[in-house]
Amino acid sequence: MENIAILGATGSIGTSALDVIAQYPDRYHVRVLCANSNVKKLAQLASVWQPELVAVARDDLYKPLLEELAQLGVTHVSVASGTEALRAVAGDPEDDTVIQAVVGAAGVLPSFAAVGAGKRVLMANKESIVCGGDMLMTLARRTGAKILPVDSEHNAIFQCLHAGNEEDACEAKLWLTCSGGPFHARPEIDLEGVTPEMALAHPTWSMGRKITIDSATLMNKGLEVIEAHHLFNKPVEDIGVVIHPQSIVHSMVEFADGAVIAQLGTPSMKTPIAYCLGYPQRIQGSAKRLSLPELGRLDFGKPDLERFPQLAYAYEAARRGQKAAIVLNAANEAGVAAFLESRAGFVDIARVCRAMLDACDDAALASVSDISAIDAEVRQLAQQWLAKNHR
Ligand code: NAD
Ligand code: MG
């Protein structure tokens with residue numbers, strides 16, 4: 001039995017992962033479940049999965065979690081709370097595998113703990129790769145941790161790279177596909193007037209709220225460019241983005257001979273999750289099968305960087321270095337939160353990212369604790385900027 005800890009178990013990726021795991025009761029044991037604040041759902045999951053430990057990141061929710069568990073008659077479970085507990089859980093040697101499905105930079109320290117402990121990390125939390133950068137990848141090489149990309153594009157590239165040897169991979173160019181979100185194909189929509197409801201209506205993927213907004217601004221693709229740059233050790237010049245509204249081709253690798261290898265499938269995160277869980281073996285997937293004859297056509301196009309400048313900012317940040325990437329990510333998280341709470345407009349998200357990148361000095365980082373310090377400082381500055389400048 002493989003022991004698994006799921007960080008972010010109550011979210012979109014967390015619950016999809018549990019659905020996949022449910023097909024293999026003799027192979028995987030869900031030993032730990034963690035979440036941020038949804039103690040009701042966490043307790044319900046605990047009553048179904050009977051883990052040994054449940055943890056909630058918010059310290060003030062320890063008692064409410066105990067009460068929820070008691071109400072459901074879940075008694076044989078250890079309970080922990082606080083961000084330190086989450087970090088300890090991520091590095092606990094009892095678990096072979098960590099599914100890192102926390103959203104945002106809150107995932108950075110648990111990711112360092114899991115990678116530091118040399119685990120198999122099924123990495124959905126792209127923000128940890130964006131902020132952790134070379135530090136996280138170097139740590140993985142030192143500890144032997146295996147970071148398996150859950151993000152569908154990176155999962156596709158990981159699969160496509162198997163079509164060549166290591167040398168071929170070094171010379172290959174990566175193509176990330178991008179649905180374009182709800183607005184890219186609709187130039188008639190004035191982005192100044194976009195509401196959270198409009199931006200949350202994603203045409204092809206069902207995901208958490210933060211990543212859905214990131215998909216609408218194309219920041220998600222920007223974060224993915226930086227993610228691919230680190231995961232596959234590629235200069236950003238060798239990472240292209242192609243708009244593909246149907247989200248069927250999940251990404252591609254172009255080898256030196258001009259051969260382009262793509263991975264296709266219906267848009268469901270259960271496919272990359274199953275691939276990572278079973279790796280290096282393929283296990284049975286549960287997503288709807290792809291029928292190209294029924295689908296009929298696939299479309300491709302170029303991203304509009306003028307209307308969606310955050311994608312260009314991500315290329316810029318990747319070239320500038322780790323600090324710029326952390327700053328861009330933090331400004332974006334502050335912008336998205338403000339937009340969802342109607343404290344800022346849709347276009348203010350890009351504007352605050354631009355303002356914070358302009359103020360960033362690109363100094364080198366000394367340690368992992370600098371990541372959290374820069375993240376916290378920029379979030380605060382971004383909030384102040386938005387309070388003064390939002391439209
Ligand atoms: P979500 O909002 O649905 O769930 C987020 C999870 O993280 C929840 O379980 C929540 O409890 C937990 N969480 C939030 N803040 C936390 C904190 N401060 N400390 C600890 N836990 C915290 O998000 P999601 O859509 O499942 O996305 C999770 C991650 O996976 C993101 O990084 C996202 O970019 C990435 N991802 C998601 C999808 C998708 O289809 N949903 C696809 C690719 C990548
Ligand atoms: Mg993705």
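Just so you know, ligand 1 is whichever comes first in the structure, and atom 1 is the first atom listed for that ligand.
The distance from ligand 1 to the heavy atoms of Ala35 drops below 4.0 Å at these ligand atoms: 11 (O). Close contacts of ligand 1 with Ala9, meaning ligand atoms under 4.0 Å from a residue heavy atom, involve 9 (O). The atoms of ligand 1 that sit less than 4.0 Å from any heavy atom of Lys126 are 32 (O), 34 (O), 44 (C). The atoms of ligand 1 that sit less than 4.0 Å from any heavy atom of Ala101 are 5 (C), 6 (C), 7 (O), 28 (C).
Closest to atom 5 (C) of ligand 1, if we only count protein heavy atoms, is Val103 CG1, 3.6 Å. Of the protein's heavy atoms, Ser12 OG, 3.2 Å lies nearest to atom 41 (N) of ligand 1. Atom 25 (O) of ligand 1 has as its closest protein heavy atom Gly208 N, 2.9 Å. The nearest heavy-atom contact from the protein to atom 12 (C) of ligand 1 is Gly8 CA, 3.9 Å. For atom 32 (O) of ligand 1, the closest non-hydrogen atom of the protein is Glu127 OE1, 2.7 Å. Scanning the protein heavy atoms around atom 35 (C) of ligand 1, the nearest turns out to be Ala124 O, 3.1 Å. Nearest to atom 9 (O) of ligand 1 among the protein's heavy atoms is Thr10 OG1, 2.7 Å. Of all protein heavy atoms, the one closest to atom 4 (O) of ligand 1 is Gly11 CA, 3.2 Å.
Within Glu153, the N/O/S atom positioned nearest the Mg ion (ligand 2) carries the name OE1. Looking at Glu224 and the Mg ion (ligand 2) together, the shortest N, O or S contact belongs to OE2. Taking the Mg ion (ligand 2) as reference, Asp151 places its N/O/S atom OD1 nearest.
Using a 4.0 Å cut-off between heavy atoms, Ile211 contacts ligand 1 through its side chain alone, with no backbone atom that close. At a heavy-atom distance under 4.0 Å, only side-chain atoms of Ala106, from C-beta outward, approach ligand 1. Proximity of Met269 to ligand 1, defined as any heavy-atom pair under 4.0 Å, is confined to the side chain (atoms from C-beta onward). Contacts of Leu86 with ligand 1, taken as heavy-atom pairs under 4.0 Å, involve the side chain alone.
Remark: Asp96 does not engage Lys119 in a salt bridge, criterion side-chain N to carboxylate O under 4.0 Å. Using a 4.0 Å cut-off between a side-chain N of Lys or Arg and a carboxylate O of Asp or Glu, Glu316 and Arg320 qualify as a salt bridge. For Lys323 and Asp370, the salt-bridge test fails: no basic side-chain N is under 4.0 Å from an acidic carboxylate O.
Between Tyr24 and Tyr28, the ring planes are perpendicular. Angles over 60° get that label, and only those under 30° would be called parallel.
Note that CG of Asp134 is 8.0 Å distant from CG of Asn233, once rounded to the nearest 0.5 Å. Of the inter-residue distances, the one linking Gln263 atom CD with Gln159 atom CD reads 4.5 Å to the nearest 0.5 angstrom. Separation of atoms CG (Leu45) and CD (Gln50) is listed at 12.0 Å; rounding is to 0.5 Å. Going from atom CG of Leu328 over to atom CD of Glu333 covers 10.5 Å, rounded to the nearest 0.5 Å. Put simply, OG1 on Thr10 and CD on Gln44 are 11.0 Å apart, with the number rounded to the nearest 0.5 Å.
In this structure, Lys210 does not count as a contact residue of ligand 1, since none of its heavy atoms falls inside 4.0 Å of the ligand. Ligand 1 lies out of reach of Gly14, whose nearest heavy atom is not under 4.0 Å from it. Not a single heavy atom of Asn38 sits under 4.0 Å from any atom of ligand 1.
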Exercise. Should Phe232 and Phe158 be marked as a ring pair (Phe, Tyr, Trp, His ring centres under 6.0 Å) after you check the CA-CA gap, both sets of side-chain angles, and the distance that decides it?
Worked result: CA-CA 8 Å; Phe232 305 111; Phe158 186 71; 7.1 Å; no
Problem set entry | Pair Glu224-Lys126, salt bridge (Lys or Arg N to Asp or Glu O under 4.0 Å): steps then yes or no | CA-CA 7 Å; Glu224 291 183 355; Lys126 64 191 80 185; 2.8 Å; yes
Exercise. Between Phe346 and Phe183, does a ring pair (Phe, Tyr, Trp, His ring centres under 6.0 Å) hold up when you go through it step by step?
Worked result: CA-CA 12 Å; Phe346 186 76; Phe183 309 127; 5.5 Å; yes
For this session: Step by step, work out the salt bridge (Lys or Arg N to Asp or Glu O under 4.0 Å) result for Lys173 and Asp238.
Result: CA-CA 5 Å; Lys173 180 173 175 167; Asp238 289 345; over 6 Å; no
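The N/O atoms of Trp205, backbone and side chain alike, include none that comes under 3.5 Å of an N/O atom in ligand 1. Residue Cys34 places no N or O, backbone or side chain, under 3.5 Å from any N or O of ligand 1. Residue Ser152 places no N or O, backbone or side chain, under 3.5 Å from any N or O of ligand 1. Looking at ligand 1, you won't find any N or O of Ala57 less than 3.5 Å from one of its N or O atoms. Ligand 1 has no nitrogen or oxygen under 3.5 angstrom from a nitrogen or oxygen of Asp151.
When the heavy atoms of Val56, Asn36, Ile13 are ranked by distance to atom 16 (C) of ligand 1, first place goes to Asn36. Around atom 31 (C) of ligand 1, the closest heavy atom drawn from Leu45, Val102, Ile6 belongs to Val102.
Geometrically, Arg354 engages Tyr313 in a cation-pi contact defined by less than 6.0 Å to the ring centre and at most 45° from the axis.
Side-chain contact annotation: His250 with Thr271, donor-acceptor N/O pair under 3.5 Å absent. Glu227 and His154 share a donor-acceptor pair across their side chains, judged by distance under 3.5 Å alone.
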